[in-house]
Amino acid sequence: MGKPTGFLEFTRELPGKKPVEERLKNYNEFIERYSDEKLNQQSARCMNCGVPFCHSGCPLGNVIPEFNDAVYRKSWQEAYEILASTNNFPEFTGRICPAPCESACVLGINQPAITIEEIEKHIIEIAFDKGFVKPRKPNVRTGKKVAVVGSGPAGLAAAAQLNYAGHTVTVFERDDKPGGLLRYGIPDFKLEKWVIDRRIKLMEEEGVTFRCHANVGENVRINDLLREYHAIVLAGGSTVPRDLKIPGRELKGVYYAMQFLKQQNKRNAGLDPLAHANIESNIFSENLLATSKNVVVIGGGDTGSDCVGTSNRHKAKSVTQFELLPKPPDGRNEFMPWPTFPMILKTSTSHEEGANRHWAIATKEFVGDKKGNLKALKVVDLEWKVTEDGKPSQFVEKPGSEREIPCELALLAMGFVHPQHEGLLNELGVDLDSRGNVRATEKEYKTSINKIFVAGDMRRGQSLVVWAISEGRECARKVDEFLNEGVSFLESKDQNIVLAI
Ligand SMILES: Cc1cc2nc3c(=O)[nH]c(=O)nc-3n(C[C@H](O)[C@H](O)[C@H](O)COP(=O)(O)OP(=O)(O)OC[C@H]3O[C@@H](n4cnc5c(N)ncnc54)[C@H](O)[C@@H]3O)c2cc1C
Ligand code: SF4
């Protein structure tokens, strides 16, 4: 434990952010780094609890008190090695993880939690600055070949781990660059893309091969992969967006959030935002810009918040966000006690930049003009019934609340229903679960087809980057066991948690 009295002396402080007017001028990250003194103070707040609940709050089982202690002692290489032992990509989670570990932090019972996510980001960035992050090449190659389909965080984590185990790994990605939603979903202002390039370069130096523009089931035949590789990991994500099938859906001006967000990420990368336009690639054949429009984002989650931030950067006339559910409470209540992940009001940095937020509201119709362009939304307020354990269960429309609000661009950000079935999955005939995801248990990651495994959103449904990394790592261990007749020396999350306690 760094400083026994640290949690009494210092309170939680996040690093500074660039002012809103400055950050709206571009798509750059805007969260600054801690000074050395502040980083030291924030790590000093960790109490090194007897039972550190933060470990189990983190889907990766990150060994948090140990790296906090190393940061406090300025033992940077040690801090990096502790962090890298459980997390392949702390530079991603340190920027965009919703930090369920912080909800489980014991200090959070009566004080603000440790700034675990920020400390994680500082450890990895300091490690890169100081040259500690070097390619980790395996000493021996096993002669076994593994194909990973999809290069999001799940596919990347599986590939990195299987490569460390000595297998020869090729990652197939249908897009033009690796990264999955890290690259072409999450906006640059949350995660600049050089961060992904830096990691991909390292993985290439470690021996992983990336094949982009390789759409398995289309221009790469799955039967060829089955013949050439000893195992296959499916990590294609959950890409089919939830639709809102109400009158006027066909109007010009109603789009999926991902069509809008992906175009902007392509523009930021200096690429043609309209190249390879088709539904599968989430690229729409016209430029989607919010400039001078009344924008309504339908869906109150992270994807919606990213649309808010992007619309403000486009200089929209107004930006409004709708959520069907009622407004959550500001803090924990009796239904979400510590250390559960609380469903409380979240105000993202994009919300800080300006948005009219509405809860308990439903969109009944997209209203168009004579030319087929969207001009308004017909909406209605809702009254929710709540169950005994505080969960919203049923709603009725509030009489007399129906009205039209002006809107020329509506973005559907209501989540994703399941992975794409056409192409790869249908051709394989792999078993799906009741939600349409690829069926495999969390313990085994094995699909219904021999030597084919699955990880990430394609298995668990739409989730988080930290879960995708965790799934990729755990799945890699199962693939390694499969290739080595039941033996694997790759770490598992359960071992990490037991060792840490
Ligand atoms: C807009 C948005 C913002 C988000 N923000 C956050 C956030 O801030 N924090 C957070 O933790 N999570 C966030 N998420 C969720 C997070 O991005 C996902 O949970 C995570 O990326 C899932 O990882 P994955 O590897 O399973 O799949 P993905 O990241 O979806 O990657 C799948 C990859 O597989 C490729 N692929 C699919 N089929 C094929 C095929 N047949 N052949 C070749 N390649 C194929 C796809 O092109 C894609 O690159 C966000 C999601 C969205 C949409
Ligand atoms: S990966 Fe996420 S949950 Fe895990 S320690 Fe980092 S911020 Fe916390």
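Along the sequence shown, the residues carry numbers beginning at 1. What you see is a predicted model; the values in this text were computed from it and never measured. As the structure lists them, so they are numbered: ligands from 1, and atoms in each ligand from 1.
Remark: D457 CG to T239 OG1 distance equals 9.5 Å, nearest 0.5 Å.
For atom 31 (O) of ligand 1, the nearest non-hydrogen atom of the protein is G152 CA, 3.4 Å. Among all protein heavy atoms, the one lying closest to atom 27 (O) of ligand 1 is G237 CA, 3.4 Å. In this structure, the protein non-hydrogen atom closest to atom 34 (O) of ligand 1 is G150 CA, 3.2 Å. Of all protein heavy atoms, the one closest to atom 4 (C) of ligand 1 is I186 CG1, 3.5 Å. Scanning the protein for heavy atoms near atom 42 (N) of ligand 1, the closest one is V216 N, 3.0 Å. Taking atom 2 (C) of ligand 1 as the reference point, the nearest protein heavy-atom neighbour is T303 OG1, 3.6 Å. When only non-hydrogen protein atoms are considered, atom 26 (O) of ligand 1 lies nearest to D457 N, 2.9 Å. Remark: minimum distance from atom 9 (N) of ligand 1 to any protein heavy atom is reached at I96 O, 2.8 Å.
Of the candidates R95, M258, E173, E173 brings a heavy atom nearest to atom 35 (C) of ligand 1. Of the options I469, V171, V465, V454, the smallest heavy-atom separation from atom 10 (C) of ligand 1 is shown by V465.
L191 is listed as a side-chain neighbour of I196, based on a closest heavy-atom distance under 4.5 Å. In this structure the side chain of R242 never reaches within 4.5 angstrom of the side chain of L412, judged on heavy atoms.
Of all heavy-atom pairs between P419 and G237, the closest is CB-O, 3.3 Å. Between V319 and G354 the shortest heavy-atom distance is CB-O, 4.3 Å. C307 and L411 make their closest contact through CB-CD1, 3.9 Å (heavy atoms, listed as atom of the first residue, atom of the second, distance). Closest of all the heavy-atom pairs between T93 and V465 is CG2-CG1, 4.5 Å. Smallest separation of non-hydrogen atoms from R435 and H418: O-CB, 3.5 Å. Closest heavy-atom contact between D176 and C212: O-CB, 3.6 Å.
Protein N/O/S atoms nearer than 2.8 Å to atom 2 (Fe) of ligand 2 total 1.
Cation-pi geometry between R23 and F189 is not satisfied (NZ or CZ under 6.0 Å from the ring centre, within 45° of the ring normal). For the pair R198 and F128, the cation-pi test (distance below 6.0 Å, angle within 45°) is passed.
Taking the charged nitrogens against the carboxylate oxygens, K38 and E13 do have a contact shorter than 4.0 Å, which makes a salt bridge. R313 and D188 are not joined by a salt bridge, as no carboxylate oxygen comes within less than 4.0 angstrom of a charged side-chain nitrogen.
In the vicinity of G185, heavy-atom distances shorter than 4.0 Å reach the ligand 1 atoms 1 (C). Close contacts of ligand 1 with L464, meaning ligand atoms under 4.0 Å from a residue heavy atom, involve 10 (C), 11 (O), 12 (N), 19 (O). Atoms of ligand 2 found under 4.0 Å from any heavy atom of I64, numbered from 1 in the order shown, are 5 (S). The atoms of ligand 1 that sit less than 4.0 Å from any heavy atom of K190 are 5 (N), 7 (C), 8 (O). Under a 4.0 Å criterion applied to the non-hydrogen atoms of L261, ligand 1 contributes the atoms 1 (C). For ligand 1, the atoms lying closer than 4.0 Å to a non-hydrogen atom of G456 are 26 (O). Close contacts between ligand 1 and L424 involve ligand atoms 41 (N) [criterion: under 4.0 Å to a heavy atom]. Atoms of ligand 1 lying under 4.0 Å from at least one heavy atom of F416, given by number and element, are 53 (C). Within ligand 1, counting atoms from 1 as listed, the ones closer than 4.0 Å to a heavy atom of G180 are 29 (O), 31 (O), 48 (C), 49 (O).
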- Task: For the pair D433 and R460, evaluate salt bridge (charged side-chain N to carboxylate O under 4.0 Å, His left out) and give the outcome as yes or no after the intermediate values.
- Result: CA-CA 10 Å; D433 66 17; R460 67 183 294 125; over 6 Å; no

- Evaluation steps, side-chain contact (heavy atoms from CB on, under 4.5 Å), between K74 and N40: CA-CA 8 Å; K74 297 192 171 57; N40 184 258; 3.8 Å; yes

- Item | Candidate pair D69 and R73, rule salt bridge (charged side-chain N to carboxylate O under 4.0 Å, His left out), full reasoning | CA-CA 6 Å; D69 178 53; R73 288 184 284 107; 3.0 Å; yes

- What do the steps show when you test K266 against D175 for salt bridge (charged side-chain N to carboxylate O under 4.0 Å, His left out), and what is the final call? CA-CA 11 Å; K266 292 238 165 191; D175 235 314; 3.6 Å; yes

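Considering backbone and side-chain atoms alike, S463 places an N or O below 3.5 Å from some N or O of ligand 1. The distance criterion of under 3.5 Å between nitrogen or oxygen atoms is met by R174 with respect to ligand 1. Residue-to-ligand polar distances keep G179 apart from ligand 1: every N/O pair is separated by 3.5 Å or more. The shortest N or O to N or O distance between M458 and ligand 1 is not below 3.5 Å. Not a single N or O atom of A468, backbone or side chain, sits closer than 3.5 Å to an N or O atom of ligand 1. Among the atoms of A154, some N or O lies under 3.5 angstrom from an N or O of ligand 1. Annotation: P153 places an N or O atom under 3.5 Å from an N or O atom of ligand 1; distance criterion only. Checking only distances, S238 never comes within under 3.5 Å of ligand 1, N or O to N or O.
Contacts of V149 with ligand 1, taken as heavy-atom pairs under 4.0 Å, involve the side chain alone. Contacts between D306 and ligand 1, counted as non-hydrogen atom pairs separated by less than 4.0 Å, involve the side chain only. Heavy atoms of P419 found under 4.0 angstrom from ligand 1: none, in either backbone or side chain. Contacts of L181 with ligand 1, taken as heavy-atom pairs under 4.0 Å, involve both backbone and side chain. When non-hydrogen atoms are compared, ligand 1 lies under 4.0 Å from the backbone of A214 (N, CA, C, O) but not from its side chain. Contacts with ligand 1 closer than 4.0 Å are made by no heavy atom of Y184, backbone or side chain.
Classification of the F89-F92 ring pair by plane angle, with boundaries at 30° and 60°, yields tilted.
Every residue two or more places apart in sequence or in another chain that forms a salt bridge (charged side-chain N to carboxylate O under 4.0 Å, His left out) with R95 is listed here: E29, E125.
Partner of I186 under the side-chain contact (heavy atoms from CB on, under 4.5 Å) criterion, out of T303, I96, D302, N265: I96 alone.
Residue pairs meeting the ring pair (Phe, Tyr, Trp, His ring centres under 6.0 Å) criterion with at least one member in residues 439-463, sequence neighbours excluded: F453-F482. Counting only residues at least two apart or in different chains, side chain to side chain donor-acceptor pair (under 3.5 Å) contacts with residues 150-162 comprise N88-Q161, S151-E173.
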